[in-house]
Amino acid sequence: MKRIVLGVSAGIAAYKAALLLRLFKEAGHQVDVIPTEASLQFVGIATWEALSGRPVRTSVFEAVDTVNHVRLGQEADLVVIAPATADVMARAAAGMANDLLTGTLLATGAPVVMAPAMHTEMWEHPATVANVALLRSRGVHVIDPAVGRLTGKDSGAGRFPEPEEIFAALAPYLEAAPGVSGADAPGQVAADAGPLAGKVVAISAGGTREPLDPVRYLGNRSSGRQGIALAKAALAAGATVRFIAAHMDLPAPAGVELSTASTARQLQDAVTEAARGADVLVMSAAVADFRPAQYVDAKIKKSEDRADPVITLVRNPDILATLVSERAAAGGAGDLPPLIVGFAAETGDAEAGVLEYGAAKLKRKGCEMLVVNEVGENLTFGTDENSVTILFADGTAPVHASGSKDRVAASVIAAIARALEPVRQG
Ligand code: CTP
């Protein structure tokens with residue numbers, strides 16, 4: 001049984017929070033609902049009290065004798081705000097405490113998860129983008145909203161994820177040892193609380209850049225989002241996370257041991273160091289397979305009398321495959337992780353399907369798990385959605401996961417937690 005605070009802010013999706021509350025209750029958790037005053041326009045106190053079986057208040061001036069705003073936050077194992085409006089995220093980012101919900105956020109040491117719901121314009125507004133980035137940098141787990149039908153006729157990013165989907169994303173927090181309260185700092189998870197408690201997980205993320213001259217490079221479009229989501233899910237599961245960041249669009253999550261790298265060869269050094277002594281290595285970074293054979297010290301100029309330059313590429317080391325062979329050479333007795341997880345973006349063709357290509361790559365790379373990202377005509381790059389199949393070298397049945405990158409990350413981390421036990425004991 002966990003003690004959950006369910007914050008409800010003023011969005012039409014508030015009615016879906018009632019279904020989320022039922023899922024919590026059916027799973028045996030104790031839930032205190034804290035609605036914002038404005039959210040009562042959508043769902044009233046009677047509904048929350050009836051479904052939670054607990055008294056419900058919105059203001060710090062009610063039940064003052066129990067010092068409610070501090071008590072609820074202090075006692076919580078998890079604080080979930082669903083739906084989280086642009087307004088409540090702005091107030092949380094600013095550290096305001098002008099109602100019971102935001103006061104509770106300041107007083108809690110438990111993990112905080114927010115499930116935003118709003119119109120696309122509001123979600124994409126620079127103020128909201130900055131607030132979400134700030135909250136995430138403090139360790140708040142902001143679930144990416146779904147893309148789809150919004151209130152009224154419009155559709156786009158900002159839709160409240162289905163209650164079952166949010167419930168699944170919360171699994172790493174709820175599967176933790178019962179009654180263990182959150183953490184030392186707001187938004188952080190106690191290291192002894194989750195399925196990866198005591199484990200060290202090294203995660204590479206982002207894309208490498210291979211310089212051509214002092215101003216140009218060959219790069220790729222990896223944003224680092226999936227790696228960041230994995231790091232947050234691993235932290236939530238209680239792991240110590242060594243995060244090796246190549247180039248990313250977003251800052252690394254708070255709470256990780258961070259190292260950075262630019263080129264594939266630098267990433268190889270950083271990953272190899274981080275992997276030593278770790279229980280798991282997750283290679284979600286997009287590593288350039290090739291680099292320019294020559295780096296030119298001065299900016300390459302387009303002078304009239306010279307022919308157009310030709311760039312010759314040479315192969316970069318395969319970081320993952322090199323670590324797998326080093327581990328094999330040591331007879332598995334070295335200090336490299338017993339569980340190495342690769343990522344692969346695959347498309348099917350006339351000769352074989354995505355999963356056949358994935359299975360072949362899993363064999364070729366020699367790692368224990370491969371997260372195969374199905375890229376195809378109706379699955380687009382650059383979105384917050386992902387669809388993957390996790391393949392296992394030991395013959396465990398493949399696991400399919402789709403939805404937001406947070407959701408996919410939760411599934412990958414859950415699969416890692418399951419796989420780790422036999423690997424460690426074997
Ligand atoms: N990887 C790596 N070092 C490289 C290239 C890739 O460690 N030089 C890792 C990636 O981080 C990923 C996995 O290997 O976890 C699969 O990468 P991918 O590029 O899809 O595989 P390749 O073997 O390069 O196959 P392909 O020919 O399909 O690109």
Side-chain angles (χ1 to χ4, degrees), residues 201-208 210 218 220-222 226-227 230 244 246 261 263-272 274-276 278-291 313-376 379 381 386-401 408 411-413 415-416 418-420 422-423 426:
V201 181
I203 300 172
S204 70
T208 58
E210 306 296 327
L218 297 180
N220 61 64
R221 291 194 196 180
S222 173
Q226 187 63 74
L230 285 162
I244 313 101
T263 66
R265 286 181 298 173
Q266 288 166 355
L267 188 71
Q268 183 174 35
D269 291 344
V271 165
T272 306
R276 295 208 185 282
D279 296 281
V280 192
L281 168 65
V282 185
M283 279 296 295
S284 73
V287 189
D289 285 324
F290 301 96
R291 66 176 182 276
L313 300 176
V314 292
R315 209 171 261 267
N316 268 331
D318 187 319
I319 302 171
L320 191 154
T322 306
L323 286 172
V324 167
S325 5
E326 194 186 313
R327 187 181 61 177
D335 56 358
L336 290 171
L339 180 54
I340 298 184
V341 183
F343 269 69
E346 297 287 348
T347 50
D349 58 23
E351 289 184 12
V354 168
L355 294 185
E356 284 170 83
Y357 282 123
K361 187 172 284 183
L362 176 64
K363 245 194 183 141
R364 206 163 61 237
K365 295 258 178 183
C367 50
E368 283 65 40
M369 278 168 61
L370 190 73
V371 183
V372 182
N373 199 341
E374 302 164 49
V375 290
L379 299 163
F381 275 118
N386 214 352
S387 175
V388 305
T389 302
I390 309 170
L391 302 179
F392 302 85
D394 68 358
T396 302
V399 172
H400 185 73
V408 167
S411 299
V412 173
I413 293 300
I416 285 173
R418 280 195 300 273
L420 210 50
V423 170

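We use all heavy atoms of the structure for the numbers below, so side chains are in, but hydrogens, waters and symmetry mates are not. This one's a predicted model, so the numbers in the text were calculated from it and none came from an experiment.
For the pair Val271 and Leu323, the minimum side-chain heavy-atom distance is below 4.5 Å. Annotation: side chain of Val324 is not in contact with side chain of Lys365 (no heavy-atom distance under 4.5 Å). Side-chain contact check for Cys367 versus Val341: every heavy-atom pair is 4.5 Å or farther apart.
Here the CD1 atom belonging to Ile244 is positioned 9.0 Å from the OG1 atom belonging to Thr272, to the nearest 0.5 angstrom. Rounding to the nearest 0.5 angstrom, the gap separating the CG atom in Asn373 from the CG atom in Leu370 is 10.5 Å. Rounding to the nearest 0.5 Å gives a distance of 9.5 Å between CG of Asn316 and CG of Asp318. We find the CE-CG distance between Met369 and Leu339 to be 6.0 Å, quoted to the nearest 0.5 Å. Atom CD1 of Ile319 sits about 11.5 Å away from atom CZ of Arg265, to the nearest 0.5 Å.
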For residues 201-208, run the donor-acceptor check on the side chains, cut-off 3.5 Å, and write out each pair with its distance to 0.1 Å, sequence neighbours left out.
from   : atom 1 : to     : atom 2 : distance (Å)
Ser204 : OG     : Ser284 : N      : 3.4
Ser204 : OG     : Ala285 : N      : 3.2
Thr208 : OG1    : Ala288 : N      : 2.9

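Scanning both residues, Val354 and Thr347, for their nearest heavy atoms gives CG2-C, 3.8 Å. Here the closest heavy-atom approach between residue Val287 and residue Ala264 is recorded as CG1-CB, 3.6 Å. The shortest heavy-atom contact between Ala321 and Ser325 is O-OG, 2.7 Å.
Listed by chain and residue number, Glu374, His400 satisfy the side chain to side chain donor-acceptor pair (under 3.5 Å) test with Thr389 (two or more places apart in sequence, or in another chain). Every residue meeting the salt bridge (Lys or Arg N to Asp or Glu O under 4.0 Å) condition with Lys361, not counting sequence neighbours, appears here in chain and number order: Glu346. Legend: residues meeting side-chain contact (heavy atoms from CB on, under 4.5 Å) with Gln266, ordered by chain and number and at least two apart, are Ala261, Ser262, Thr263. For Thr396, the side-chain contact (heavy atoms from CB on, under 4.5 Å) test picks out Phe392, Asp394, with sequence neighbours left out. Residues forming a salt bridge (Lys or Arg N to Asp or Glu O under 4.0 Å) with Arg315 (at least two apart in sequence, or on another chain): none. Listed by chain and residue number, Glu356, Tyr357 satisfy the side-chain contact (heavy atoms from CB on, under 4.5 Å) test with Ala352 (two or more places apart in sequence, or in another chain).
At least one donor-acceptor pair closer than 3.5 Å links the side chain of Asn220 to the backbone N or O of Ala286.
Pairs engaging residues 327-342 under the side-chain hydrogen bond (donor to acceptor under 3.5 Å, both in side chains) rule: Arg276-Asp335, Arg327-Glu368 [sequence neighbours left out].
Screening Val412, Ile390, Val371 against Val399 for a side-chain contact (heavy atoms from CB on, under 4.5 Å) leaves a single residue, Ile390.
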